[in-house]
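Structure first, commentary second.
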Amino acid sequence: MRAARFAAAVGAAALVFLGVTACDNGGGSAAPDGGAAATSELNGIQSTLDGIGSDMAGDGSP
């Protein structure tokens, strides 16, 4: 059950990431701050996944 919840969380984060990258206003070239924005977005996703993993590690329920 724990693995299924983690897989669902990872899948949801991947969908959010794909949705964000798809909504780049149709431009093919990166914005001047595209690297910083992408890094910030990835850091946010990593933080969310770390929090989920931490919650699941301390979760005693099945």
Practice task
Grab the two heavy atoms, one from L49 and one from A9, that are nearest each other, plus how far apart they are.
Solution key: CD2-O, 4.2 Å
Exercise for the section: Please examine the side chains of L42 and Q46, heavy atoms only from C-beta on, and report whether any two atoms are closer than 4.5 Å. Expected result: no
Handout entry: Nearest-0.5 Å distance that lies between atom CD1 in I45 and atom CG in D50
Key = 12.0 Å
Practice task
Mark yes or no for whether T48, through its side chain, and G44, through its backbone, hold a donor-acceptor pair below 3.5 Å.
Solution key: yes
